[in-house]
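Quick note on labels: first sequence line is chain A, next is B, and so on, each numbered from 1. Being a predicted model, the structure only gives us computed values, none of them experimental.
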Protein chains: 2
Amino acid sequence: MEPRKLTRNQTLVLETLTHAEAPLSAYTILDKLRDHGFRAPLQVYRALEKLTEFGIVHRLESLNAFVACTHPHDHGPEKAVIAFAICEDCGQVSEISDPEIEDRLAVLATKQQFKTDKTTIEMRGHCGNCTA
Amino acid sequence: MEPRKLTRNQTLVLETLTHAEAPLSAYTILDKLRDHGFRAPLQVYRALEKLTEFGIVHRLESLNAFVACTHPHDHGPEKAVIAFAICEDCGQVSEISDPEIEDRLAVLATKQQFKTDKTTIEMRGHCGNCTA
DNA sequence: ATTCTCAATGTTATGTTATTACATCAATTG
DNA sequence: CAATTGATGTAATAACATAACATTGAGAAT
């Protein structure tokens with residue numbers, strides 16, 4: 001599932017997310033792209049689905065919203081576990097990839113013979129800037 | 001926010017979740033409680049909100065669904081971080097409370113001066129029974 | 001070049017999840 | 001009793017997501 005050449009819709013959605021300063025909902029993206037010919041939610045959801053598969057967009061489950069990946073990290077199928085720190089004030093999201101967390105979760109899962117497909121870690125709180 | 005005496009609606013919702021074998025959506029709960037006089041989503045959502053505050057019900061963000069807490073653990077305001085292992089096949093959810101994970105996330109947050117209010121950890125996959 | 005195929009797209013409708021707004025009721029308390 | 005507070009009931013609507021079906025477009029096979 002490599003980030004091959006993106007389609008027009010995928011490109012537009014990705015750019016929208018890239019330029020955003022906070023996570024966007026699918027419908028917010030839709031509104032921002034009406035001028036570019038978007039008319040229905042599916043156009044957004046389909047693009048998001050692919051971009052998420054490619055690993056260049058992440059879905060934030062606790063927010064029902066999406067962000068462009070800011071991780072220097074691999075976009076490959078390796079799919080490292082990523083933790084998100086989401087600021088309630090400014091909306092800024094930082095991605096954290098930490099082997100210790102990943103290993104520990106793997107141990108805990110194995111301990112109960114659980115086979116993990118996908119892991120979600122989201123911290124909601126307040127970032128340094130907004131706390132200051 | 002102690003689990004003081006529950007109201008009628010809260011009791012009904014909690015019992016519904018307790019008897020369920022998998023997470024339930026708010027609307028599923030509503031349907032199960034129609035015979036008991038429930039008629040509107042808010043009756044469910046309001047009860048869920050309180051039960052969640054009390055710590056005796058958890059919301060699974062990646063599922064938009066709810067489970068009764070099965071954790072022997074404290075229902076107090078201490079609010080330990082809980083990781084959920086959610087089986088895609090049978091729906092069974094197990095709660096994992098692990099100080100190592102908690103500590104590590106705390107370290108990572110602190111490192112970037114992030115003040116965490118609430119942490120979500122959800123592993124989606126397949127439990128031992130369903131893999132066998 | 002023509003046909004085949006498959007992924008992406010467009011469009012409408014609908015399904016699912018969650019909240020706003022407002023009225024009422026019941027228990028407590030000053 | 002009046003006043004406050006928390007729970008409830010109800011209707012309407014907002015927000016998030018998918019199903020179903022028709023069409024288009026780009027590349028591969030012939």
Between [atom2] of [N] and [atom1] of [X], the distance in whole Å:
| X | N | atom1 | atom2 | answer |
| --- | --- | --- | --- | --- |
| B/N9 | D/dG6 | CG | P | 17 Å |
| B/R8 | C/dA27 | CZ | P | 14 Å |
| B/L6 | D/dG6 | CG | C1' | 14 Å |
| A/K5 | D/dG25 | NZ | C1' | 13 Å |
| B/L30 | C/dT19 | CG | C1' | 15 Å |
| A/R34 | C/dG10 | CZ | C1' | 14 Å |
| A/F38 | C/dT11 | CZ | C1' | 14 Å |
| B/L60 | C/dT17 | CG | C1' | 15 Å |

The helix from C/dA1-D/dT30 to C/dG30-D/dC1: angle between its terminal axes, five pairs each, to 10°? 30°
Which pairs pass salt bridge (Lys or Arg N to Asp or Glu O under 4.0 Å) with one or both residues in residues 59-71 of chain A, sequence neighbours excluded? A/R59-A/E61
Kindly state each residue pair satisfying salt bridge (Lys or Arg N to Asp or Glu O under 4.0 Å) with at least one member in residues 120-132 of chain B, sequence neighbours excluded. B/E88-B/R124
[X]: partners by side-chain contact (heavy atoms from CB on, under 4.5 Å), with sequence neighbours left out:
| X | result |
| --- | --- |
| A/E100 | A/D98, B/R104 |
| B/T11 | B/L6, B/E15 |
| B/R46 | B/L42 |
| B/A68 | B/L14, B/L17, B/T18 |

Would you please name every residue forming a side chain to side chain donor-acceptor pair (under 3.5 Å) with B/N129, sequence neighbours left out? none
Can you tell me if A/T7 touches the phosphate of C/dT9, counting only side-chain N or O atoms and a distance under 4.0 Å to OP1 or OP2? yes
Contact list please: residues 12-24 of chain A against DNA chain D, heavy atoms, distance less than 4.0 Å, in numerical order. none
Residues at least two apart in sequence or cross-chain that pass ring-ring contact (aromatic ring centres under 6.0 Å, His included) with B/F84, listed by chain then number, are B/H58
Closest contact, heavy atoms only, B/L63 versus B/P23: CD2-CG, 3.8 Å
Among pairs that include at least one residue of residues 23-35 of chain A, which meet side chain to side chain donor-acceptor pair (under 3.5 Å), considering only residues two or more places apart or in two chains? A/S25-A/T28, A/D31-A/R34
Would you say that B/L48 contacts B/F66 through its side chain, given a criterion of any heavy-atom pair below 4.5 Å between the two side chains? yes
Heavy-atom protein contacts under 4.0 Å, nucleotides 10-22 of chain D, coded B base, S sugar-phosphate only, - none: B-----BBBBB--
